[in-house]
S.K.: 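Mind looking over this structure? Questions follow.
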Amino acid sequence: MNISQTLIRIFFISVLAASCSDVNEKTGTAERDPNDTLVRMEPYKITKPRLSADYVNRKRNEIDAFIKKNWRSDKESLSFLVAQNGQILYEKYQGDADRIEGTTIEADTPLHIASVSKVLTATAILEYVDAGRIDLDQKVNTILTGFPYPDVTVKHLLNHRSGLQNYAYYFDQPGKWDKKKPLTNKDILERYISDKVPLAFLTDRRFTYCNTNYAMLALIIEKLSGKPYPEAMKQMVFDPLGMNDTFVFEIEKHRETAVPSYFAHGVEIALDYLDAVYGDKNIYSTPRDLLKFDMARYSPNFLTPKLQKQVYVGYSFENKGEKNYGLGIRMIDWVTGQHFYFHNGWWHGNTSAYVNLKKEKVMIIALSNRYSTKPYRVRFLSKLFGDYPFKEDDAD
């Protein structure tokens, strides 16, 4: 063996040794980089026989009839998809993306998903809980320095039982904020600390849907990951799942490029000082990307069974009723035994509806960037897949 061959052999041996340096000698499995602070979702595809052509055609026709009944003009904004077992049954994209630019909504056009963002924020938090990095019952003030509410836990933020005041209402009061300056998540925390903002009600006394909870959860993600929320979500959720058209809106970065939203009569809605807050909103995505996210939540490696069960249990129990809220998901629990899981959203002119029929493994998503409550009506499509006793007045 000549000198050149020897050097080449030494090089490959060193590369092999380096590649194995992160493998546990006892288990043979790769060890976690101690400097890696992220947890990552895993993509998942249900390995079941594909739906029959007859079934797909029948459902497609039924869904198409529903769409034509509710969206009678192709000028109405709609980004819509229905899938079962990961297989797309129907999708439709129409309306203006940007009226000034003359662009229309296509399959790869990211729209603001409003409060459906909470489902993704909650998922990232739950991944950290599953990894043992935090506990559901852990006090938030042990994670966020100076957080002034000693009884509030991570779970209280997720299920809206914290008692925190809604930041949008607090900072809208005269003199509370210079509305020419964007408000950030850190600003909210700092001002709640410095202003000694009282709770709206005692922690865990009742359910009140409040965006401040999810703004704080975004800060927890930043603390745990050591990265800004937009980058953390990209590396933890979007990139691993191939959600290539999904991003967290950053006002300086995306002001000129993000798809705008419109009032119902078609006038564009300007950004305001609340558009820099994320976690509760501000994720832009597409139905196809959200399908990848929805499918990943069926992965056998997504959360332990115990934690999964906690996600889909209602925590709003003061008043008996069908409507409830779990950990980052809304639900309807009928006395007849059916369970319906979903989340709606609204921000500026953007409205959204995410439906997750777990039993039938069906996902329904409807997005609009021109204000309309029609996306909320897609829940009626659940009746095509199972026994969901919706009434006409249950739409909104």
S.K.: Heavy atoms, side chains only, cut-off 4.5 Å: are Y44 and N301 in contact?
M.R.: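 When only atoms from C-beta onward are counted, N301 and Y44 do not touch, as no gap falls below 4.5 Å.
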S.K.: Determine whether a donor-acceptor pair (N or O, by modelled atom type, separation under 3.5 Å) exists between the side chain of R379 and the backbone of A353.
M.R.: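 Judged by distance alone, no pair lies under 3.5 Å.
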S.K.: Answer yes or no: does atom NZ of K234 have more than 12 heavy-atom neighbours from other residues, nucleotides or ligands under 6.0 Å?
M.R.: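 Open.
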S.K.: Is the side chain of T212 donor-acceptor paired with the backbone N or O of Q165 at a distance under 3.5 Å, no angle test?
M.R.: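 Such a contact is found between T212 side chain and Q165 backbone.
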S.K.: So that I can tick it off, tell me whether K181 and D178 are bridged by a salt bridge, with the cut-off set at under 4.0 angstrom between side-chain N and carboxylate O.
M.R.: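 The answer is no: the pair does not qualify as a salt bridge.
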S.K.: Could you tell me how the ring of W177 sits relative to the ring of F171: parallel (under 30°), tilted (30 to 60°) or perpendicular (over 60°)?
M.R.: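 W177 and F171: perpendicular rings.
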S.K.: Answer yes if the ring centres of F207 and Y325 are under 6.0 angstrom apart, and no otherwise.
M.R.: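 Between F207 and Y325, the centre distance is under 6.0 Å.
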S.K.: Would you confirm whether N369, through its side chain, and D96, through its main-chain N or O, come within 3.5 Å as a donor-acceptor pair?
M.R.: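 At least one qualifying donor-acceptor pair exists.
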S.K.: Do the side-chain N and O atoms of E91 and Y93 include a donor-acceptor pair separated by under 3.5 angstrom?
M.R.: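 On atom types as modelled, these side chains qualify, holding a pair under 3.5 Å.
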S.K.: Pairing donors with acceptors under 3.5 angstrom, does anything connect the side chains of Y284 and N350?
M.R.: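 Their side chains do not contain a donor-acceptor pair, so the 3.5 Å distance test is not met.
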S.K.: Going through the distances and angles, do H254 and F247 end up as a ring pair (Phe, Tyr, Trp, His ring centres under 6.0 Å)?
M.R.: CA-CA 10 Å; H254 300 113; F247 62 91; 4.5 Å; yes
S.K.: Checking Y128 against S225: is there a side-chain donor and acceptor pair closer than 3.5 Å?
M.R.: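 S225 vs Y128: no donor-acceptor pair found between side chains.
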S.K.: Cut-off 3.5 Å, side chains only: do Y388 and E360 have a donor facing an acceptor?
M.R.: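 Result is yes, a qualifying pair exists.
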S.K.: Please examine the side chains of K92 and W71, heavy atoms only from C-beta on, and report whether any two atoms are closer than 4.5 Å.
M.R.: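 No, too far: nothing below the 4.5 Å cut-off.
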S.K.: Passes side-chain hydrogen bond (donor to acceptor under 3.5 Å, both in side chains), N213 versus S162? Steps please.
M.R.: CA-CA 7 Å; N213 294 317; S162 68; 2.5 Å; yes
S.K.: If I compare all heavy atoms of V378 with all of F66, which pair ends up nearest, and what's the gap?
M.R.: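 In terms of heavy atoms, the two residues are closest at CA-CZ, 4.0 Å.
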S.K.: Compute the centroid of each ring, for Y354 and then for H343, and state whether the two points are separated by less than 6.0 Å.
M.R.: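 Ring centroids of Y354 and H343 are no less than 6.0 Å from each other.
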S.K.: Grouping I, L, V, M, F, W and Y whenever their side-chain heavy atoms are under 4.5 Å apart, do I365 and L241 come out in a common cluster?
M.R.: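 I365 clusters together with L241.
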S.K.: Between Y315 and H160, is the gap from one ring center to the other below 6.0 Å?
M.R.: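 No - the distance between ring centres of Y315 and H160 does not fall below the 6.0 Å cut-off.
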S.K.: Decide yes or no on salt bridge (Lys or Arg N to Asp or Glu O under 4.0 Å) for E62 and K59, but give the supporting numbers first.
M.R.: CA-CA 5 Å; E62 292 171 334; K59 295 303 176 187; 3.6 Å; yes
S.K.: Hydrophobic clustering (ILVMFWY, side-chain heavy atoms < 4.5 Å, transitive) - are F380 and W334 grouped together?
M.R.: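 Yes, one cluster joins them.
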S.K.: Report yes or no: does K374 contribute a side-chain atom to a donor-acceptor pair with the main-chain N or O of N70 at less than 3.5 Å?
M.R.: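 Yes.
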S.K.: Donor-acceptor check, side chain of N85 to backbone of Q87, threshold 3.5 angstrom: yes or no?
M.R.: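 Side chain of N85 to backbone of Q87, a donor-acceptor pair under 3.5 Å: no, none is there.
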S.K.: Between D289 and T246, is any side-chain donor less than 3.5 angstrom from a side-chain acceptor?
M.R.: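 Yes, side-chain donor-acceptor contact under 3.5 Å.
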S.K.: Shortest non-hydrogen contact from H348 to W346?
M.R.: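 So the minimum-distance heavy-atom pair works out to O-NE1, 2.7 Å.
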S.K.: Any side-chain to backbone donor/acceptor pair from R330 onto F342? Under 3.5 Å, distance only.
M.R.: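 Answer holds: no.
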S.K.: Give a yes or no answer on whether the side chain of S261 reaches the backbone of G349 with a donor-acceptor pair at less than 3.5 Å.
M.R.: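 Flag set: sc S261 to bb G349 pair under 3.5 Å.
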S.K.: Could you give me the CA-CA distance, side-chain angles and deciding distance for E318 and R161, then say whether salt bridge (Lys or Arg N to Asp or Glu O under 4.0 Å) is met?
M.R.: CA-CA 11 Å; E318 287 75 28; R161 297 184 63 85; 2.5 Å; yes
S.K.: Any link between I105 and V259 through a network of hydrophobic side chains (Ile, Leu, Val, Met, Phe, Trp, Tyr) touching at under 4.5 Å?
M.R.: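 Yes, I105 and V259 fall within the same hydrophobic cluster.
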S.K.: Could you state whether L164 and Y209 fall into the same hydrophobic cluster, counting links through intermediate Ile, Leu, Val, Met, Phe, Trp or Tyr residues with side-chain heavy atoms under 4.5 angstrom apart?
M.R.: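 In one cluster with L164: Y209, yes.
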S.K.: Taking the side chain as C-beta and beyond, is there a heavy-atom pair between F302 and D130 under 4.5 Å?
M.R.: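 Side-chain contact under 4.5 Å: no.
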S.K.: What I'd like to find out is whether the side chain of E322 reaches to under 4.5 Å of the side chain of D333, using heavy atoms alone.
M.R.: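 No. Closest side-chain heavy atoms not under 4.5 Å.
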S.K.: Quick one, E106 and T109 - any side-chain contact, counting heavy atoms below 4.5 Å?
M.R.: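 A side-chain contact under 4.5 Å exists here.
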S.K.: Let's go through V197 and Y149 carefully: what are the C-alpha distance in whole Å and the side-chain angles of both, what is the deciding distance for side chain to side chain contact (heavy atoms under 4.5 Å, CB included) to 0.1 Å, and is it a yes or a no?
M.R.: CA-CA 10 Å; V197 178; Y149 311 102; 3.7 Å; yes
S.K.: With a 4.0 Å cut-off, would you call D137 and K155 a salt bridge?
M.R.: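 Answer for the salt bridge query: yes.
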S.K.: Does atom NZ (K253) have a neighbourhood of more than 12 heavy atoms from anything else shown, all under 6.0 Å?
M.R.: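 No.
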S.K.: Is the closest basic N to carboxylate O distance between R191 and D195 below 4.0 Å?
M.R.: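 Salt bridge: yes.
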S.K.: Return the minimal non-hydrogen interatomic distance between R99 and V267, and the atom names on each side.
M.R.: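 Looks like NH1-N, 4.5 Å.
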S.K.: Are F80 and Y262 connected, step by step, through hydrophobic side chains (Ile, Leu, Val, Met, Phe, Trp, Tyr) whose heavy atoms are closer than 4.5 Å?
M.R.: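 Cluster IDs for F80 and Y262 differ.
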S.K.: Could you tell me if K118 and S115 have a donor-acceptor pair between their side chains, going purely by distance under 3.5 Å?
M.R.: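 Yes, because at least one side-chain N or O of S115 sits under 3.5 Å from a partner of the opposite role on K118.
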S.K.: Between V39 and A124, what is the shortest heavy-atom contact and its length?
M.R.: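 Reported closest heavy-atom pair: CG2-O, 4.4 Å.
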S.K.: How about Y312 and Y341: are their ring centroids closer than 6.0 Å?
M.R.: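 Between Y341 and Y312, which both carry aromatic rings, the centre distance is below 6.0 Å.
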S.K.: Can you check whether Y170 and Y192 have ring centres sitting under 6.0 Å from each other?
M.R.: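 When the ring centroids of Y170 and Y192 are compared, they turn out to be within the sub-6.0 Å range.
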S.K.: Can you tell whether the side chains of D64 and K68 come within less than 4.0 Å, N to carboxylate O?
M.R.: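 Result for this pair is yes, salt bridge flagged.
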